[in-house]
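Worth saying up front: this structure is predicted, and the values here are computed from it rather than measured.
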Amino acid sequence: MQNKDYYPDPKETLDVSDDFASFLQAEGGGELAPLSRAPVQGAVKIAFWGLRLYIVAMLMLVTIGFTRGMH
């Protein structure tokens with residue numbers, strides 16, 4: 001015998017319009033807690049600045065390449 005949880009009857013239609021809302025209500029959730037950004041500090045801040053400098057350098061090289069063109 002098949003388990004209905006894993007093999008639902010294909011003739012039945014499933015109403016999935018409010019699945020998340022019913023899940024949230026069942027879990028006792030209501031309003032979600034406000035989120036705030038984590039402060040970027042230390043090595044991550046240095047890495048981001050390094051990426052910004054890399055992007056600027058690459059844009060300069062592309063600009064030089066386009067202005068000189070192929071000769």
Side-chain angles (χ1 to χ4, degrees):
M1 185 169 154
Q2 292 180 340
N3 186 347
K4 277 189 76 112
D5 291 337
Y6 295 102
Y7 302 100
D9 186 5
K11 295 176 185 170
E12 293 179 19
T13 59
L14 297 174
D15 181 22
V16 293
S17 60
D18 63 338
D19 278 346
F20 182 72
S22 62
F23 167 76
L24 194 61
Q25 214 171 28
E27 291 296 317
E31 287 292 318
L32 298 176
L35 297 177
S36 62
R37 275 191 152 176
V40 179
Q41 50 189 316
V44 175
K45 193 174 216 174
I46 293 170
F48 278 134
W49 275 108
L51 285 171
R52 288 179 183 127
L53 292 174
Y54 174 78
I55 290 170
V56 169
M58 290 299 113
L59 287 173
M60 288 173 51
L61 290 174
V62 167
T63 304
I64 291 169
F66 276 122
T67 56
R68 293 191 179 197
M70 289 181 55
H71 294 261

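Each of Thr63, Val62, Val56 was evaluated against Met60; a single residue qualifies, Val56, per the side chain to side chain contact (heavy atoms under 4.5 Å, CB included) test.
No single ILVMFWY cluster, assembled from side-chain heavy atoms under 4.5 Å apart, contains both Val40 and Ile46.
Using a 4.5 Å heavy-atom cutoff, the side chains of Met58 and Leu61 are in contact.
Annotation: the span from Leu59 atom CG to Tyr54 atom OH amounts to 10.5 Å, rounded to 0.5 Å.
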